[in-house]
Amino acid sequence: MELKKLMDYTGELLQIARFQDYCPNGLQVEGRGEIRTIVSGVTASMALLDAAAEMRADLVLVHHGYFWRNEDPRILGMKRSRLKFLLEQDINLAAYHLPLDAHPELGNNAQLGRVMGVALEGLAGEPAIIAHGSLSRPATLQAFGAHLESALRRQPMLIGDPDRTLKRIAWCTGAAQSHFEEALALGVDAFISGEISEQTVHLARESGVAYIAAGHHATERYGIQALGEHLADKFRLQHAFIDIDNPV
């Protein structure tokens with residue numbers, strides 16, 4: 001598969017042009033022009049790059065890539081090591097951030113809903129990044145937290161009355177606690193994201209809506225897998241997802 005055709009297709013699939021993001025979406029580091037093997041992962045860490053090279057991958061596909069807004073633009077230290085490795089190995093790096101979060105089928109939010117067993121009823125906010133749906137069977141916050149721990153293999157932090165019954169929930173993967181107030185306007189019983197900070201605890205307590213911090217990495221493992229599998233199936237490529245463990 002030609003690199004350009006694959007990138008053109010993926011960019012159109014995820015509608016990257018409509019997003020004002022914190023980093024460039026699509027091809028970030030150019031390598032060889034023919035793609036046969038894709039390795040996907042959450043973050044383009046050195047550990048993932050090493051694993052991709054061992055598998056002789058032509059393309060590393062990630063949610064968290066490089067060149068973030070307001071970061072130091074100099075090619076030093078960790079950034080130099082990663083870029084040097086990719087260029088020497090002639091491996092392509094492509095990253096999709098907000099477009100992958102928001103995609104209604106392959107996206108992180110849609111895929112987290114699938115893993116949780118919660119049907120996606122809609123996407124709210126701008127750019128349509130807050131997912132919401134109803135539990136098939138109401139559950140207490142404590143019981144739902146135990147279900148999440150089993151599904152995500154990570155113990156979530158639960159803020160709220162453990163005996164409160166949850167019927168409708170909203171969720172947004174990763175570092176999306178800033179969307180909590182938008183979720184409140186949806187009339188949900190709980191909001192799930194990856195991270196939490198001090199002030200979010202007070203907002204949960206005073207609003208009466210439970211907040212579940214289920215892990216940034218843990219909630220964002222699934223969209224990039226789905227995208228990699230989709231590309232592999234469509235273009236008859238090899239694909240492997242490599243989960244570099246991250247406790248955050």
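In this text the structure is predicted, and so the values were computed from the model without any measurement.
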Which atom pair, heavy atoms only, marks the closest approach of [X] to [Y]?
| X | Y | answer |
| --- | --- | --- |
| E195 | Y211 | O-OH, 2.5 Å |
| L98 | Q20 | CD1-O, 3.9 Å |
| P127 | A102 | O-CB, 3.8 Å |
| A213 | R154 | O-NH1, 4.0 Å |
| A119 | W171 | O-CH2, 4.4 Å |
| L48 | G41 | CD2-CA, 3.9 Å |

Co-membership, hydrophobic cluster, residues [X] and [Y], 4.5 Å side-chain:
| X | Y | value |
| --- | --- | --- |
| L227 | I242 | no |
| V201 | I212 | no |
| I224 | L59 | yes |
| I196 | L148 | no |
| I244 | Y66 | yes |

Check whether more than 12 heavy atoms from other residues, nucleotides or ligands sit under 6.0 Å from atom [atom1] of [X], and answer yes or no.
| X | atom1 | answer |
| --- | --- | --- |
| E12 | CD | no |
| R56 | CZ | no |
| Q238 | CD | no |
| R69 | CZ | yes |
| E105 | CD | no |
| F67 | CZ | yes |

Within the side chain of [X], is there an N or O that forms a donor-acceptor pair under 3.5 Å with the backbone of [Y]?
| X | Y | answer |
| --- | --- | --- |
| R32 | Q89 | yes |
| H132 | L120 | no |
| H147 | M116 | yes |
| R82 | L49 | no |

Exercise for the section: For the residue pair H230 and Y9, categorise the inter-ring angle as parallel (less than 30°), tilted (30 to 60°) or perpendicular (more than 60°). Expected result: parallel

Practice task
Just say parallel, tilted or perpendicular for the rings of F191 and F180, cut-offs at 30° and 60°.
Solution key: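 F191 vs F180 ring planes: parallel.
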
Practice task
Could you verify whether a donor N or O on one side chain and an acceptor N or O on the other, from H239 and E229, lie under 3.5 Å apart?
Solution key: no

Practice task
Go through the side-chain N and O atoms of T173 and E220 and say whether any donor and acceptor fall under 3.5 Å apart.
Solution key: yes

Value rounded to 0.5 Å, distance of [atom1] in [X] from [atom2] in [Y]:
| X | Y | atom1 | atom2 | value |
| --- | --- | --- | --- | --- |
| R36 | L237 | CZ | CG | 10.0 Å |
| L231 | I35 | CG | CD1 | 10.5 Å |
| E30 | L86 | CD | CG | 12.5 Å |

